Chemist: 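I'd like to ask you about the structure that follows.
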Amino acid sequence: MPELPDVETFRRYFEAASLFQQVTEVMIKETRILSEVTAQDLEIRLIGHQFESAQRRGKYLFTRLENQSWVVFHFGMTGSLQYFRDVEGEPAYTRFRIGFAQGNSLAYINVRKLGLITFTERLEDFIQMKNLGPDALEMSPEEFRKRLIDRRGSAKSILMDQSFLSGIGNIYSDEILFQAGIHPEQEVKQLDGKMISTLYNAMKEVLETAIEVRADTDRLPKTYIIPHRKKGGVCPKCGNTLIQERIGGRTGYYCPEHQRG
DNA sequence: CTAGATGTTAAGGT
DNA sequence: CACCTTAACATCTA
């Protein structure tokens with residue numbers, strides 16, 4: 001689930017109900033998700049404080065406290081956020097939760113525990129430490145082109161490279177390439193200027209569209225490939241059976257008709 | 001029962 | 001150095 005559009009949806013969700021309220025409770029139910037911070041440490045950093053804003057870069061969510069420090073969330077493959085009120089309302093697989101003075105709580109849910117929560121005084125340090133490239137929605141067409149031309153490798157693996165540009169994963173890279181009409185194994189150094197802008201535009205369009213529907217794949221346009229990404233799935237534009245192939249270590253899907261090498 | 005699943009990282013190879 | 005592949009992590013579902 002959590003690629004850029006999902007995390008942007010979480011960011012808005014967080015901002016809608018977690019700001020300007022005292023944190024009264026911090027419960028870490030699974031210490032494995034903590035990174036470079038102890039449960040006690042995080043508790044001390046949070047209790048009695050309040051959030052003032054939330055930012056996103058790629059697939060990371062950064063929530064800022066009134067003292068300008070940050071709690072960082074990454075959702076791995078199965079993470080999400082959910083508010084709830086009563087103890088009985090706590091969602092299954094809640095690994096971490098924050099209780100607010102008004103009585104509502106925020107749950108960080110993650111079945112597979114492949115995510116992280118940490119704390120940082122300075123965002124720039126964290127971003128540098130993770131070697132995170134610019135956010136996919138913040139990058140200008142010029143920068144995209146400039147950074148792309150001295151790269152080698154397949155289009156799909158480069159879109160998914162978080163140090164090249166952050167926010168795109170396996171699912172959305174398939175969609176972007178499908179909408180751009182580019183084969184996932186297309187060598188990027190072979191792309192001409194026109195194809196590079198087509199790719200850039202598809203990237204923007206797909207990510208923005210997905211954010212508009214709050215990353216709910218059921219509400220994506222009928223011409224999107226995402227709901228068809230499964231064995232035997234067909235192209236929503238021409239009905240051809242999609243090709244399933246391992247690319248860049250992940251299973252990708254593409255249409256042999258619309259995405260020629 | 002087994003394989004594979006939205007991510008990141010480390011390790012080894014080319 | 002840039003890139004590729006594989007494995008590992010934990011858990012569920014097809």
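First the proteins, then the strands, lettered A, B, ... as listed; each starts at 1. Note: hydrogens, waters and symmetry copies are ignored here, and every other heavy atom, side chains too, is used. All values reported here derive from a predicted model rather than from experimental measurement.
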Chemist: Can we say R32(A) and E30(A) salt-bridge, meaning some charged N sits less than 4.0 Å from an Asp/Glu carboxylate O?
Modeler: no
Chemist: Y172(A) OH to dG7(B) C1': how many Å, rounded?
Modeler: 15 Å
Chemist: Is the phosphate of dG4(B) approached by K231(A) (side-chain N or O, under 4.0 Å from OP1 or OP2)?
Modeler: no
Chemist: Would you measure the distance from the P atom in dC1(C) across to the matching atom in dT8(B) and give it in whole Å?
Modeler: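 It comes out at 23 Å once rounded to the nearest Å.
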Chemist: For E185(A) and dC3(C), give me the distance from atom CD to atom P, rounded to whole Å.
Modeler: 16 Å
Chemist: May I ask you to decide whether R56(A) forms a salt bridge with E138(A), counting only side-chain N to carboxylate O separations under 4.0 Å?
Modeler: no
Chemist: Rounded off to whole Å, could you give me the CD1-to-P distance for the I247(A) and dA5(B) pair?
Modeler: 12 Å
Chemist: Look at all strands and tell whether R250(A) reaches a base, only sugar-phosphate, or nothing, counting heavy atoms closer than 4.0 Å.
Modeler: base
Chemist: Between dC12(C) and T78(A), is there an OP1 or OP2 to side-chain N/O distance shorter than 4.0 Å?
Modeler: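 Answer is no, no contact under 4.0 Å.
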Chemist: Pairing check on dA5(B): which nucleotide meets the Watson-Crick or G-U wobble criteria with it, both distances under 3.5 Å?
Modeler: dT11(C)
Chemist: Is the shortest distance from a Lys or Arg side-chain nitrogen in E90(A) or K29(A) to a carboxylate oxygen in the other one below 4.0 Å?
Modeler: yes
Chemist: Give one of base, sugar-phosphate or nothing for S154(A), where a contact means two heavy atoms less than 4.0 Å apart.
Modeler: sugar-phosphate
Chemist: Using a strict 4.0 Å threshold on nitrogen-to-oxygen distance, state whether E142(A) and R145(A) make a salt bridge.
Modeler: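 No, E142(A) and R145(A) are not salt-bridged.
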Chemist: Please test I176(A) against I182(A) for side chain to side chain contact (heavy atoms under 4.5 Å, CB included), starting from the C-alpha separation and ending with a verdict.
Modeler: CA-CA 9 Å; I176(A) 290 163; I182(A) 293 172; over 6 Å; no
Chemist: OP1 or OP2 of dA5(B) sitting under 4.0 Å from any side-chain N/O of K230(A)?
Modeler: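 Checking dA5(B) against K230(A), no side-chain N or O comes under 4.0 Å of OP1 or OP2.
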Chemist: Reckon R32(A) has a side-chain N or O less than 4.0 Å from the OP1 or OP2 of dC9(C)?
Modeler: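 False: R32(A) side-chain N/O out of range (4.0 Å or more) of dC9(C) OP1/OP2.
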Chemist: Roughly, in whole Å, what's the span from CD in E187(A) to C1' in dA2(C)?
Modeler: 12 Å
Chemist: On a heavy-atom basis, which atom in Y108(A) and which in G115(A) lie closest, and how many Å separate them?
Modeler: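 Looking at all heavy atoms of both residues, the closest pair is OH-CA, 3.6 Å.
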Chemist: So, R219(A) and E212(A), do they make that salt bridge, N to O below 4.0 Å?
Modeler: no
Chemist: OP1 or OP2 of dC12(C) less than 4.0 angstrom from a side-chain nitrogen or oxygen of Y93(A), does that happen here?
Modeler: yes
Chemist: Residues of residues 110-120 of chain A with any non-hydrogen atom less than 4.0 angstrom from an atom of DNA chain C: list those, numerically ordered, please.
Modeler: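 Hits under 4.0 Å, by residue number: V111(A), R112(A), K113(A), L114(A).
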Chemist: With a cut-off of less than 4.0 Å, is there a side-chain N or O of H74(A) near OP1 or OP2 of dG7(B)?
Modeler: no
Chemist: Nearest whole angstrom, please: distance from the P of dG4(B) to the CD of E245(A).
Modeler: 15 Å
Chemist: Without decimals, in angstroms, what is the distance between E30(A) CD and dA10(C) C1'?
Modeler: 9 Å
Chemist: Rounding to an integer number of Å, can you tell me how far F75(A) CZ sits from dC9(C) P?
Modeler: 24 Å
Chemist: Out of the candidates Q179(A), H228(A), R229(A), only one should pair with D174(A) under the side-chain hydrogen bond (donor to acceptor under 3.5 Å, both in side chains) rule; please name it.
Modeler: R229(A)
Chemist: On DNA chain C, check which nucleotide each of R246(A) and D161(A) is closest to and give me the residue with the more 5' one.
Modeler: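 It is D161(A), whose closest nucleotide lies nearer the 5' terminus.
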Chemist: Whole-Å distance between dG4(B) C1' and I171(A) CD1?
Modeler: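 That distance rounds to 13 Å.
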Chemist: Closest-nucleotide mapping onto DNA chain B: is Y60(A) or Q244(A) further toward the 5' terminus? I mean the 5' end.
Modeler: Q244(A)
